[in-house]
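This structure is a prediction, so every number in the text was calculated from the model and none was measured.
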Amino acid sequence: MAAGAKLPSSRTLAQRLGVSRNTVAAAYDLLAAEGYIETVQGGGTFIAAACAEATLGTGVPAADAAPGLSARGRALRGATNAPNGAPLVFTPGVPALDAFPLAEWRQLLARSGRQLGRDALWLADPRGWPPLRAAIAAHLGPARGVICDPDQIIVLASARQAVDLAAAAGRSS
């Protein structure tokens, strides 16, 4: 489509495609965020000039076709920490430390530390702590309709570890 070409309204396109209007609106929002389309309040949605020029009819945008970032966007892209040195909000792997109940966490750690015996210091089950796996299995039935055994559950430290494990399993099969 040529630069400036008007796209159908989200309602019209949703009806034409037989999907929810929310689906089309989400797709339009994503395309706008990536600079492929532009929305004019009350005027409609159009193919962005930068996108149309970059594709030159190939259907694949050129590497340098992304629209320039605003000053705020450039600042956010380069920022890794807040001015006080604290991690930025939504930094992967960093909880909202200002909202974390540190005093309660300390009490729970101390209590569980007193209750654990020497066995807790020995070789742990690589699938995760058995009582936690049992609690998850018991929760999944009523909450999600999934009937499973604790032996079918693996508790991992992060999403990254889960992806690595899934990739390794795929390579070995």
Side-chain angles (χ1 to χ4, degrees), residues 10-11 13-37 39 51 59-61 63 65-67 69-70 72-173:
S10 59
R11 229 178 231 103
L13 187 57
Q15 190 174 29
R16 205 179 290 171
L17 297 174
V19 297
S20 163
R21 181 171 176 247
N22 290 339
T23 301
V24 174
Y28 275 10
D29 288 345
L30 181 61
L31 291 169
E34 293 180 1
Y36 293 111
I37 62 174
T39 302
C51 177
V60 179
L69 290 175
S70 65
R72 179 166 169 70
R74 286 190 301 276
L76 288 172
R77 180 181 61 191
T80 56
N81 288 338
N84 65 1
L88 290 174
V89 176
F90 300 120
T91 301
V94 178
L97 298 174
D98 58 333
F100 190 78
L102 192 56
E104 185 179 357
W105 180 254
R106 286 181 179 139
Q107 289 175 348
L108 293 170
L109 282 175
R111 183 183 319 149
S112 64
R114 286 189 297 272
Q115 293 172 354
L116 293 175
R118 291 181 189 267
D119 291 344
L121 301 174
W122 189 237
L123 296 174
D125 188 326
R127 298 171 298 171
W129 191 41
L132 176 59
R133 291 183 12 246
I136 292 171
H139 170 78
L140 286 175
R144 303 279 188 222
V146 175
I147 307 302
C148 66
D149 187 81
D151 288 335
Q152 296 173 294
I153 294 176
I154 301 173
V155 178
L156 302 171
S158 66
R160 178 178 288 172
Q161 187 180 18
V163 170
D164 288 346
L165 181 62
R171 285 190 302 265
S172 66
S173 59

Distance-only check: which donor-acceptor pairs under 3.5 Å involve side-chain atoms of residues 101-110, not counting sequence neighbours?
none

Pairs of donor and acceptor atoms involving the side chains of residues 127-153, under 3.5 Å and at least two apart or interchain, shall be tabulated with distances.
from, atom 1, to, atom 2, distance (Å)
Arg127, NE, Asp125, OD1, 3.1
Arg127, NE, Asp125, OD2, 3.4
Arg127, NH1, Asp151, OD1, 3.3
Arg127, NH2, Asp125, OD2, 2.8
Arg133, NE, Pro150, O, 3.1
Arg133, NE, Ile153, O, 3.1
Arg133, NH1, Asp125, OD2, 3.1
Arg133, NH1, Gly128, O, 3.2
Arg133, NH2, Pro150, O, 3.3
Arg133, NH2, Asp151, OD1, 3.3
Asp149, OD2, Asp151, N, 2.9
Gln152, OE1, Asp149, N, 2.7

* To do: Considering non-hydrogen atoms only, spot the tightest contact between Tyr28 and Ile37 and give its length.
  => O-CD1, 3.4 Å
* Asked: Could you give all pairs that pass the side chain to side chain donor-acceptor pair (under 3.5 Å) test and reach residues 15-27, with sequence neighbours left out?
  -> Ser10-Arg21
